[in-house]
Amino acid sequence: MKVWTIANQKGGVGKTTTVASLAGVLAAKGKRVLMIDTDPHASLGYYLGIDSEEIPGSLYDVFLAHQQLSRDLVRQHTVPTAVEGIDLLPATMALATIDRSLGHQEGMGLVLRNLLQLVAEDYDVALVDCPPVLGVLMVNALAASDHIVVPVQTEFLAIKGLDRMIKTMELMGRSKKVRYSFSVVPTMYDRRTKASSAALQHLSQVYGDTLWPDVIPVDTKFRDASLAHLPASHYAPQSRGVKAYERLLDYLNNGEFAHVKIG
Ligand SMILES: Nc1ncnc2c1ncn2[C@@H]1O[C@H](COP(=O)(O)OP(=O)(O)OP(=O)(O)O)[C@@H](O)[C@H]1O
Ligand SMILES: [Mg+2]
């Protein structure tokens, strides 16, 4: 199982849409996908029509039981979605309290990695959605990842936020003596606007090799798909947006992305 984490401290850049869309294109190819929602707002579950306040357990309960993790425990808290091949380990509001209640305990940064190892045989890919804040959940999400996808909206304010995310990954990686491997993925690209093309040019100058050399276009089908509670691949399979996520998937599948040990 590969673990791809979708993270950016900037809000509204397309993280949740990227998780749902990559899950959709993977499932359409017959892959088994586990989505993990680490955002207390639980937008990913709502996106897929699952109200996580109404289901018996969530990622929160798994974190609480971090000293007695088992495959059964993880399976018990995982729910199927309406799309064949995609399961969800859902979030609840209670996750927002984890920093305060568990953040200080030893080993709390590796809970997600440990629990994903228990279900590694059950899925081809795990996709981790992150909240737009740095905390113990994002620390877990980064530490669990084989590769990090950093969606960035192609406009200048979002690019400023990106610097912060890259610094966070560098600092956290240094403390763990790894260099996280990541790809910057331009989203909501509007080729008719100067702002989008200027932003893209800036990204390619600053991020060079770590920039995915392509874009996710702005496409109203994404919003329509979320209203229909379906990944865009299962709502508008021929849309430009879905084609772009198919290309991103090829790129991620072909990449030689490994944690690089440093120091
Ligand atoms: N390529 C796109 N084209 C058009 N709209 C998009 C695109 N990607 C995302 N959106 C829309 O932008 C909004 C924000 O996207 P999304 O929820 O995926 O961002 P996020 O980074 O997960 O936000 P948050 O930080 O709040 O979790 C949503 O309404 C979504 O439908
Ligand atoms: Mg989100």
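First listed ligand is number 1; within each ligand, the first listed atom is number 1.
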List ligand 1 atoms under 4.0 Å from D39, heavy atoms only on the residue side. 27 (O)
Ligand 1 atoms in contact with I216 (distance to a heavy atom under 4.0 Å): 1 (N)
Student check: side-chain heavy atoms of M35 and I86 closer than 4.5 Å: yes
Below 3.5 angstrom, do we get any N/O pair linking T16 and ligand 1? yes
Measure from atom 7 (C) of ligand 1 to every heavy atom in K221, Q153, M188, K10 and give the option owning the shortest one. M188
State, to 0.1 Å, how close T38 and C130 come at their nearest heavy-atom pair, and which atoms those are. OG1-CA, 3.4 Å
Do E246 and K243 sit within salt-bridge range, that is, some charged N less than 4.0 Å from a carboxylate O? yes
Backbone or side-chain N or O of V218 under 3.5 Å from ligand 1 N or O: no
What's the separation between atom CG in L249 and atom NZ in K31, rounded to the nearest 0.5 Å? 9.0 Å
Rounded distance [0.5 Å steps], CG in L44 versus NZ in K15: 12.0 Å
Going by the rule side-chain hydrogen bond (donor to acceptor under 3.5 Å, both in side chains), which residues pair with R71 if we only count those two or more places apart in sequence or in a different chain? D122
Minimum-distance protein heavy atom relative to atom 30 (C) of ligand 1: T17 OG1, 3.7 Å
For atom 19 (O) of ligand 1, what is the closest protein heavy atom, and at what distance to 0.1 Å? G14 N, 3.0 Å
Name the closest protein heavy atom to atom 13 (C) of ligand 1, giving the residue it belongs to and the distance to 0.1 Å. R223 NH2, 4.2 Å
Which ligand 1 atoms, with their elements, are less than 4.0 angstrom from a heavy-atom of G11? 25 (O)
Distance alone, cut at 3.5 Å: any donor-acceptor contact between the side chains of D129 and T16? yes
Answer yes when D219 and K221 have at least one side-chain N-carboxylate O distance shorter than 4.0 Å, and no when they do not. no
Classify the ring geometry between W212 and Y251 as parallel (under 30°), tilted (30 to 60°) or perpendicular (over 60°). tilted
Between R247 and D214, does any side-chain N to carboxylate O distance fall below 4.0 Å? yes
Interfacing atoms of ligand 1 (cut-off 4.0 Å, heavy-atom, F222): 1 (N), 2 (C), 3 (N), 7 (C)
Are the charged groups of D124 and R32 less than 4.0 angstrom apart, N to O? yes
min-distance protein heavy atom vs atom 26 (O) of ligand 1 -> G12 N, 3.8 Å
Heavy-atom distance to atom 21 (O) of ligand 1: which of H41, K15, R240 wins? K15
Test of proximity, D219 against ligand 1: N or O pairs below 3.5 Å: yes
With 2.8 Å as the limit, jot down which protein N, O or S atoms are around the Mg ion (ligand 2). T16 OG1
Could you list which atoms of ligand 1 come closer than 4.0 Å to a heavy atom of P132? 25 (O)
Grab the two heavy atoms, one from M172 and one from L142, that are nearest each other, plus how far apart they are. CE-CD1, 3.6 Å
Polar contacts were defined as any N/O atom of the residue lying under 3.5 Å from an N/O atom of the ligand; does this apply to V13 and ligand 1? yes
Is there a polar contact, in the sense of an N or O pair closer than 3.5 Å, between C130 and ligand 1? no
To the nearest 0.5 angstrom, please state how far the CD atom of Q153 sits from the OG atom of S196. 8.0 Å
How close do A23 and L127 get, counting heavy atoms only, and between which atoms? N-CD1, 3.5 Å
Under 4.0 Å from one or more heavy atoms of P217, ligand 1 contributes atoms 1 (N), 2 (C), 3 (N)
